[in-house]
Amino acid sequence: MSPPPERRSSPESPAVPPALSSAVRLAAAPVLLLAAFLTQLAGALLPHGALLVAGSAAGAAAELYLFRVQPRVLSWLGRLRFDVTTRQLLRDMLIVVALVRLPGVDPAAERPLALALLGCYAAHFGCQAVALLVRRTRTLPFVTRNIDASELRLSPAPPRILTRQPSRRLLLFSLPSTAGLLATAVTADARWGAAGVGVCLALLLGGTARLALRLLPGRRPVGEEEALAWLDDWLARYRPAVAMYFSGGPASAYQANMWLAPLASLDGNPLIVLRERFMVQRIDATDVPIVCIPKVAHLMRLEHSPLKAMLHPSNSGKTSQVLRVPTIKHAFTNHGESDKLSSCNPYAKAYDEVWVAGPAARERYRLADIGVDDRDVVEIGRPQLAPIRPYAGPPATDGFTTVLYAPTWEGWTDDPGNTSIVLAGENIVRALLADPKVRLLYKPHPMTGSVDPRAARADERVRRLIAEANAARSGPRPDPEAAAELARRTAELDELTTTAFRRSADEVERMLLQSAPGEDRAARVAAATAAWERAYWASFPEWEHQVVTGPRPALYSCFNQADLLISDVSSVVSDYLASEKPYAVANTGGLPEEEFRAAFPTVRAAVILTPDAAGVPALLESVRDPARDTLVRARAELKEYLLGPAEPPSAVRFRQAAAALCAAADRRRARMSPGPDPRPEDASPYGTAAGTAMGTAADAADPVEDREPDSGGTTEDPVTT
């Protein structure tokens with residue numbers, strides 16, 4: 001669809017910059033609050049009933065608006081020590097002052113009303129104390145998913161307004177007292193104030209009693225030691241052999257999600273071990289059991305579990321903690337391979353093995369000379385690439401050539417060669433849009449612009465170019481039923497991949513609701529995802545350019561749509577080579593083409609584009625005419641060099657590497673054991689060790705917070721690609 005025409009500014013109706021408009025909205029509520037307090041103060045000191053009522057009502061209305069629309073302002077006011085409790089106390093104090101000064105109010109009724117109002121605040125703080133105790137009892141030392149943990153006495157969470165929203169609780173529960181006292185100020189009838197304060201007190205005491213019932217022994221979850229003993233027992237019964245260990249920020253969850261399908265294919269009861277509580281809900285739909293263990297002291301209990309091997313898709317500060325467990329072998333799998341230096345980081349030597357795709361990565365580690373022994377490098381291919389369809393020939397002569405432009409982000413270093421979006425992005429897109437037979441799919445890296453503002457501005461300009469090109473195009477559109485089909489498939493996929501939690505749900509309630517994934521859920525999710533992708537692409541006209549963002553459709557789905565990829569030196573290129581389709585790489589680092597090809601093996605079979613994108617027309621011709629495509633054999637050879645041989649399949653090599661790592665753990669346990677293993681031997685290739693483990697002392701509780709950051713800052717792992 002073409003975008004609506006931009007509204008032009010005129011002298012009579014000047015356009016307001018968005019930043020200025022946002023600043024005005026942010027400032028309006030505090031100004032209204034200040035005006036309300038001044039009006040209320042005037043009503044109390046004059047005294048004047050109408051001003052008092054107007055100021056009190058405006059203040060309460062402003063508070064409700066801030067809670068619903070602008071919570072950031074509430075945070076700023078809290079930093080100034082002018083939080084909701086202080087403001088409500090000031091509001092009530094002014095009302096009490098007005099009651100004393102207004103004529104007609106019985107002085108004998110003023111003192112009981114004031115004391116009852118103080119009782120409401122005492123009840124509020126008492127409710128908050130009980131709420132903290134309830135929250136503490138409902139914070140288990142670990143979080144699970146896809147595990148039946150009903151033995152931990154899990155239960156639905158109490159209302160959020162009672163446990164996690166003390167400011168909103170005080171504001172809402174105080175509305176009856178405020179209204180009653182104002183009615184007394186206007187009518188001089190103390191019964192209104194008594195009724196309002198009584199309702200407020202009843203609400204607070206009732207909420208406190210409701211929370212206190214959660215502290216009864218049979219109503220609260222088990223204690224820490226009992227919970228940890230249950231986890232030990234569950235691990236002994238489930239007997240996991242291989243686990244994926246992951247720690248990181250919210251933006252890094254994709255690094256773990258790309259390994260879910262290969263992990264689920266392993267024998268030996270796979271497991272996912274996380275360290276941050278918020279990450280439990282950021283892992284995609286999977287049947288694999290998930291355990292989040294935030295504290296390192298609790299993590300060390302894995303030493304005495306049947307777990308033998310751990311796979312690490314990324315490096316993180318907390319990785320060093322689990323590497324100290326002597327009974328577990330560790331393999332670094334990474335979350336993508338490229339020719340960047342971050343793909344052979346020196347931290348890799350901390351692992352027992354480094355699993356790579358093919359000979360190229362092995363050579364990369366050898367040349368880097370960072371202390372990784374070549375015998376510890378295991379080539380497993382890329383088992384995630386199974387969904388990528390192979391090259392099926394050039395595009396039809398009467399159809400469109402679909403080009404995927406997928407630049408990487410700017411990275412942590414100030415290197416112009418990291419991403420093409422800044423120096424070449426607009427030129428590449430203009431050159432592609434100039435060809436009437438091109439359909440462009442633009443999929444920027446999700447972290448584009450997070451470090452360099454120039455990349456964000458270039459991304460915006462590229463999107464604007466695509467929107468303008470679509471507005472200038474026309475053609476047949478899909479049947480309206482295609483949109484309805486996409487909506488149905490979206491609802492089906494959302495139902496399988498998301499869990500609808502109540503707003504009041506906490507970790508314990510989510511553990512209860514996610515106790516089991518359901519029968520063959522992973523297979524149903526895969527089928528629903530494939531159906532959704534077909535419906536998604538069918539819902540757009542074949543001539544319309546697309547800006548693809550978000551987790552769906554996935555990058556590999558875009559690969560299958562594309563006839564040509566244009567990207568940068570990144571793992572995107574290595575993965576795309578699985579299809580053996582033509583691809584091009586932008587050279588924005590200033591190296592001559594010969595040096596560029598020599599420095600980055602992944603571009604050996606690529607067409608090299610300069611920042612001016614002058615080679616795009618010839619590139620398109622080579623894609624459409626196989627006779628001009630001189631890099632067919634080079635792509636096939638480079639594919640094997642980067643990803644390894646086609647036989648045995650990567651999935652098989654992945655499983656073989658996992659079994660070998662478990663066997664190595666068994667041999668080490670046998671060497672460390674002073675006697676025979678009392679546990680029964682497992683018949684699977686991931687069988688138990690022939691000995692028990694020697695223990696190491698666990699550290700104290702991990703001081704690092706595992707809460708999800710509130711800021712929008714990036715948490716991408718800086719040492720991997």
Side-chain angles (χ1 to χ4, degrees), residues 29-68 74 77 82-130 159 161-162 165-210:
V31 170
L32 178 59
L33 270 178
L34 178 61
F37 277 118
L38 292 176
T39 304
Q40 194 179 10
L41 178 64
L45 296 180
L46 289 178
H48 193 284
L51 286 177
L52 181 69
V53 172
S56 301
E63 297 279 6
L64 294 173
Y65 171 80
L66 289 175
F67 269 110
R68 181 172 293 273
L74 291 176
L77 292 174
F82 194 49
D83 57 11
V84 173
T85 302
T86 304
R87 296 195 299 272
Q88 183 63 33
L89 183 61
L90 177 60
R91 194 175 295 113
D92 287 340
M93 183 184 69
L94 290 175
I95 295 175
V96 172
V97 170
L99 290 178
V100 174
R101 295 180 58 83
L102 282 169
V105 180
D106 186 0
E110 294 170 358
R111 181 175 295 179
L113 285 177
L115 292 176
L117 187 60
L118 289 176
C120 289
Y121 280 92
H124 164 70
F125 290 115
C127 183
Q128 181 60 15
V130 176
I161 195 171
L162 295 179
Q165 297 180 325
S167 298
R168 182 172 296 195
R169 179 181 66 233
L170 176 62
L171 178 63
L172 294 179
F173 286 11
S174 295
L175 288 178
S177 63
T178 301
L181 292 173
L182 289 176
T184 296
V186 173
T187 65
D189 188 346
R191 289 177 296 180
W192 290 109
V197 173
V199 171
C200 174
L201 192 58
L203 288 172
L204 289 167
L205 292 177
T208 304
R210 182 173 179 178

Grab the two heavy atoms, one from Arg101 and one from Leu46, that are nearest each other, plus how far apart they are. NH2-O, 4.4 Å
Answer whether the closest heavy-atom distance between the side chains of Val31 and Leu34 falls below 4.5 Å. no
Closest non-hydrogen atom pair between Gly193 and Thr184, with its separation: N-OG1, 2.7 Å
Could you tell me the separation between the CG atom of Leu52 and the CD1 atom of Ile95, rounded to the nearest 0.5 Å? 6.0 Å
Can you tell me how far CG of Leu175 sits from CG of Leu64, rounded to the nearest 0.5 angstrom? 6.0 Å
Short side-chain to backbone donor-acceptor contact, Glu63 and Val84, under 3.5 Å: no
Measure the CG-CG distance between Leu41 and Leu94 for me, rounded to the nearest 0.5 Å. 6.0 Å
Arg91 versus Ala60, closest heavy-atom pair with distance: NE-N, 4.2 Å
Donor-acceptor pairs under 3.5 angstrom involving side-chain atoms of residues 109-123: please list them, not counting sequence neighbours.
{"from": "Tyr121", "atom 1": "OH", "to": "Gln88", "atom 2": "O", "distance (Å)": "3.2"}
{"from": "Tyr121", "atom 1": "OH", "to": "Leu89", "atom 2": "N", "distance (Å)": "3.3"}
{"from": "Tyr121", "atom 1": "OH", "to": "Asp92", "atom 2": "OD2", "distance (Å)": "2.6"}

Distance, nearest 0.5 Å, that separates CG of Leu170 from CZ of Phe125: 7.5 Å
For atom CZ of Arg168, decide whether the heavy atoms of other residues, nucleotides or ligands shown that lie under 6.0 angstrom number more than 12. yes
Is there a donor-acceptor contact under 3.5 Å from the side chain of Ser177 to the main chain of Gly196? no
OG/Ser174 to NE2/His124 distance, rounded to the nearest 0.5 angstrom? 8.0 Å
Correct closest heavy-atom pair for Leu204 and Thr208 would be O-OG1, 2.8 Å
Please report the shortest heavy-atom distance between Leu51 and Ala42, naming the atom on each side. CD1-CB, 4.3 Å
Rounded distance [0.5 Å steps], OH in Tyr65 versus CG in Leu33: 11.5 Å
Taking every non-hydrogen atom, the tightest pair across Arg87 and Phe37: O-CZ, 3.6 Å
